[in-house]
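Scroll down for the structure; my scribbles are underneath it.
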Amino acid sequence: MSISFEGKVAIVTGAGNGLGRSHALELASRGAKVVVNDFGGSVDGQGASASPADKVVAEIEANGGEAMANPASVSDAAAVQQMVKDTVDRWGRIDILINNAGILRDKTFTKVSLDDFNAVVDVHLNGSIICSKAVWDQMISQNFGRIVMTTSAAGLYGNFGQSNYSAAKLGAVGLMNALRLEGRKYNVKVNTIAPMAFSRMTKDLMAPGVAESCKPELVSSAVVFLCSDDAPTGEIISAGAGAYTRVQYIEAEPVYIGPDASADDVSAAWENISDMSNAKVVTDVGTSMKNVLSKLPRK
Ligand code: NAI
């Protein structure tokens, strides 16, 4: 059965280029009305132009779809509110939000300025917060919503020279982890994509040969699945070059040392504490606490 978004309305941030453009085209080709949001700056977030978003809208319309351009910066709360209002005024609802907009200001932590750190956090993390918050009440009142965050292997695992980006990208996962719980009862599902794709952002990082396999459209296939009626919630899918992986946290079996455990005791037990051979997937706070408390001696 093929996934359809007939009658649905989507906002895709940073949709003037790369992955966002591809997500927007794919959603529109399946019937969604799409807001193509993009402030149109450079990879490091300088400058602004309406033309990347306008071009994608023209592409969607040329394919017979319906779209409107929006030039808001995702970190400008007032402009995002206006985007949401314009969307609801025109199309009456918002079913899908893809938080995709992103910039890079790579420098080691020694060299990065707080301005460059904050600029990256502002787009990736604050932008995801601002846009999610702006559509949240609408989705709850509709009893339907799909939000997709965009993380990165750099966020999940850390990357040299990307402390700002890594912190912001894992923050988006934290946001998803809480929103999936608050949205569940209202059929608002929140998931995260960890993409790998050739784009202007990654063109200097990818070897020829790899680049050709890493088509943004292959990431969009996972993103569009996460926007569908049958989407799971609270999942992270790592996607690139046509391969798809589920990412989860695991916790090792807790080691109970005792009520007077000292730093020396923890040091002595580190080999056991760090032994992952009986590690288990943990997806909620309750299970994590229960695992720890289950090791306490029974009174
Ligand atoms: P891209 O540079 O081609 O596209 C990003 C778009 O976001 C641009 O069109 C830019 O104008 C827009 N944008 C930036 N700041 C904005 C703001 N404040 N408000 C509105 N729009 C804004 O980059 P790409 O590769 O398509 O990246 C898309 C997302 O995927 C980003 O969040 C990126 O961090 C993430 N990502 C990409 C990977 C890849 O392999 N391409 C790997 C991991 C994560």
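Along the sequence shown, residues are numbered consecutively beginning with 1. Numbering of ligands and ligand atoms starts at 1, following listing order.
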Query raised in the report: Between the side chain of Lys169 and the main-chain N/O of Leu156, is any donor-acceptor distance below 3.5 Å?
Result: no
Query raised in the report: Is the shortest heavy-atom distance from the side chain of Lys107 to the side chain of Ser113 under 4.5 Å?
Result: no
**Report entry** Expected output: side-chain Ser262 to main-chain Asp265 donor-acceptor under 3.5 Å
**Finding:** yes
Requested in this report: Look up atom CE in Met139 and atom CD1 in Ile147, then write down how far apart they are to the nearest 0.5 Å.
Outcome: 4.5 Å
Report task. Check whether any side-chain heavy atom of Val9 lies under 4.5 Å from a side-chain heavy atom of Asp95, and answer yes or no. Result -> yes
Query raised in the report: Would a 4.5 Å heavy-atom cut-off, applied to side chains only, mark Asn70 and Thr13 as touching?
Result: no
Report task. Non-hydrogen atoms closer than 4.0 Å to ligand 1: which protein residues do they belong to? List them by chain and number, please. Result -> Gly14, Asn17, Gly18, Leu19, Asn37, Asp38, Phe39, Gly40, Gly41, Ala72, Ser73, Val74, Asn100, Ala101, Gly102, Ile103, Val123, His124, Thr150, Thr151, Ser152, Tyr165, Lys169, Pro195, Met196, Ala197, Ser199, Arg200, Met201, Thr202
